[in-house]
2 protein chains.
Amino acid sequence: MIKDFECVQESYARDLLREKGLKSTTQRLAVIHVLHTSGKSLSVGEIHDGVKKLLGVAGLATIYRTLDIFEDLGIVKRLHFPDGGHGYAFSRGRHFHHMVCVDCRGVFDFPECPVEWLDYASAEKQGFRVKDHFIQLFGQCDKCAEVA
Amino acid sequence: MIKDFECVQESYARDLLREKGLKSTTQRLAVIHVLHTSGKSLSVGEIHDGVKKLLGVAGLATIYRTLDIFEDLGIVKRLHFPDGGHGYAFSRGRHFHHMVCVDCRGVFDFPECPVEWLDYASAEKQGFRVKDHFIQLFGQCDKCAEVA
DNA sequence: ACTCTAATTGAAAAACATTCTCATTTGACA
DNA sequence: TGTCAAATGAGAATGTTTTTCAATTAGAGT
């Protein structure tokens, strides 16, 4: 590999990739770098632009392939917005939920998981076995609240 | 309007449309009919096929336009699947959460809202004001569990 | 029922998003 | 350093959603 973005997140990504027998390529580390330093949710196009700025060139297909891999690894989360769009954000691990600012698309960790507190009585009454869940909170971060 | 699918859901949709000054067209009622009778989450293509079967012809653009309207009205929900795909399902009202069977994409109501029980201390500590949320549970329904 | 009008529609084009193919390059390991 | 499978970039192909616009239709008022 040519470049090293030398921060904790990148070496974390490197470890996860190695565990799965995947290569730590410049492009993959650049995607992590872009996502992590932005602190917010980015569209595929924005990630592509960020990686191009970092590396000069980058194929869009590689960005898609990389995001898929990192989503499987749990290091990147796909978030959905009320307007129907979606984006990707760096995530500290598989079981983290996120709050998204609807104005700036900033992403914040939400450490509690209300679903874990839940008993699934009403689910089981319908014969349903819950195996996973997806939660996302929407709102406004303090910076965007000030401006408004 | 030409056709009437004469069931509770369609007259509910009719009322909501009238409230907003929108017309109760054959196509719109057909979308509700298809979604409601299927009892599961359908892709845009499946809804399009269902409406065509009912009406003979139907423009795809109309399906998209109709789903947007009903999503705004809260009568239809867009659901996201772990594989990255998405679909639409009939929803009894704005604040209902859903369980989705990952095998058959069947949709079941989940009446409790764990997020409502939550105090937002950890959100507020980060200066974040929660305004809305999205929850979806994944699992297996009893029919799919039997087969497997 | 009949007319009027703005809202809605279908069809095709346009715009946008994602995946695939394949020749070339690169990271990891010896 | 050399080797080789894995990964990449470029562009084609495919898939999805939105836009445009002339024709049609629902609904309100006769």
Side-chain angles (χ1 to χ4, degrees), chain A residues 1-5 10-11 13-32 42-73 76 78-81 83-88, chain B residues 1-5 10-11 13-32 42-73 76 78-81 83-88:
Chain A
M1 104 227 63
I2 295 174
K3 273 199 176 188
D4 196 339
F5 302 109
E10 278 121 43
S11 71
R14 224 185 261 276
D15 291 345
L16 287 175
L17 288 168
R18 186 163 336 107
E19 272 175 35
K20 296 274 177 183
L22 298 168
K23 294 183 177 174
S24 297
T25 64
T26 314
Q27 291 82 349
R28 289 174 182 170
L29 297 178
V31 166
I32 291 296
L42 299 176
S43 68
V44 174
E46 289 170 326
I47 296 168
H48 188 207
D49 290 344
V51 172
K52 277 193 291 189
K53 204 169 288 176
L54 228 45
L55 304 183
V57 287
L60 184 52
T62 299
I63 305 298
Y64 278 103
R65 290 185 283 231
T66 300
L67 289 171
D68 277 355
I69 290 171
F70 283 141
E71 212 188 346
D72 281 350
L73 295 177
V76 158
R78 176 190 257 240
L79 301 176
H80 300 282
F81 307 114
D83 69 5
H86 66 266
Y88 292 87
Chain B
M1 104 227 65
I2 296 172
K3 275 199 174 189
D4 196 337
F5 301 110
E10 278 120 43
S11 71
R14 223 185 263 278
D15 290 346
L16 286 174
L17 288 167
R18 187 166 331 109
E19 272 176 34
K20 295 275 178 181
L22 298 168
K23 292 181 177 175
S24 298
T25 64
T26 313
Q27 290 82 347
R28 288 175 183 169
L29 296 178
V31 166
I32 290 296
L42 299 175
S43 68
V44 174
E46 290 169 326
I47 297 167
H48 188 206
D49 290 346
V51 171
K52 276 193 291 190
K53 202 168 292 176
L54 228 45
L55 304 183
V57 288
L60 184 52
T62 299
I63 305 299
Y64 278 103
R65 290 183 283 230
T66 300
L67 290 170
D68 277 355
I69 290 171
F70 283 140
E71 213 188 344
D72 282 350
L73 295 178
V76 158
R78 174 190 261 239
L79 301 175
H80 300 281
F81 307 114
D83 69 5
H86 66 267
Y88 293 87

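Just so it is clear, the structure is predicted and the values come from calculations on it, not from any experiment. Per chain, numbering begins at 1; letters A, B, ... match sequence-line order.
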Problem - D:dT17 phosphate, OP1 or OP2, under 4.0 Å from B:His86 side-chain N/O - result: yes

Completion exercise
Ranking D:dT18, C:dT9, D:dT8 by distance to the side chain of A:Thr25, first place goes to D:dT8

Problem - A:His86 backbone acceptor or donor facing A:Arg78 side chain under 3.5 Å - result: no

Below 3.5 Å between N/O atoms, which protein atoms pair up with nucleotides 9-12 of chain D? Just atom names and distances, please.
{"unit_1": "D:dG9", "atom_1": "OP1", "unit_2": "A:Gln27", "atom_2": "NE2", "d": "3.1"}
{"unit_1": "D:dG9", "atom_1": "OP2", "unit_2": "A:Gly59", "atom_2": "N", "d": "3.0"}
{"unit_1": "D:dG9", "atom_1": "OP2", "unit_2": "A:Thr62", "atom_2": "OG1", "d": "2.7"}
{"unit_1": "D:dG9", "atom_1": "N7", "unit_2": "A:Arg65", "atom_2": "NH2", "d": "2.9"}

Exercise for the section: Quickly work out the A:His48 NE2 to C:dA17 P distance and round it to whole Å. Expected result: 13 Å

Practice task
Could you tell me whether the phosphate oxygens of C:dT18, OP1 or OP2, come under 4.0 Å of any side-chain nitrogen or oxygen in A:Tyr64?
Solution key: yes

Problem - Any A:Arg28 side-chain nitrogen or oxygen under 4.0 Å from OP1 or OP2 of D:dT8 - result: yes

Practice task
Taking the side chain as every heavy atom from C-beta outward, state whether A:Thr26 and A:Leu54 have any atom pair closer than 4.5 Å.
Solution key: no

Problem - Pairing residues for B:His80 by the side chain to side chain donor-acceptor pair (under 3.5 Å) criterion, not counting sequence neighbours - result: A:His80

Problem - Any donor-acceptor N or O pair under 3.5 Å, side chains A:Arg14, A:Ser11 - result: no

Practice task
Please report, rounded to the nearest Å, how far the C1' atom of D:dG27 is from the CG atom of B:Leu29.
Solution key: 14 Å

Exercise for the section: Check the distance between C:dT8's P and B:Ile69's CD1 and give it to me in whole angstrom. Expected result: 6 Å

Problem - Rounded distance (Å) that lies between atom P of D:dA26 and atom CD of B:Glu10 - result: 15 Å

Handout entry: Value rounded to 0.5 Å, distance of CG in A:Leu16 from CG in A:Asp72
Key = 11.5 Å

Problem - Protein-nucleotide distance (B:Leu22, atom CG; D:dG27, atom P), rounded to Å - result: 11 Å

Handout entry: Test side chain to side chain contact (heavy atoms under 4.5 Å, CB included) applied to A:Asp49 and A:Leu42, step by step
Key = CA-CA 10 Å; A:Asp49 290 344; A:Leu42 299 176; over 6 Å; no

Fill in the blank from the handout: Rounded to whole Å, CG of B:Asp68 lies from C1' of C:dA7 at a distance of 16 Å

Problem - Any residue meeting side chain to side chain donor-acceptor pair (under 3.5 Å) with B:Asp83, in chain and number order, not counting sequence neighbours - result: B:Arg105

Problem - Interatomic distance, B:Tyr88 OH vs D:dT17 C1' [rounded to whole Å] - result: 9 Å

Exercise for the section: Go through C:dT8, C:dG27, C:dT18 for me and flag the one nearest to the A:Arg78 side chain. Expected result: C:dT18

Exercise for the section: May I have the distance from B:Arg18 (atom CZ) to D:dA28 (atom C1'), rounded to whole angstrom? Expected result: 13 Å

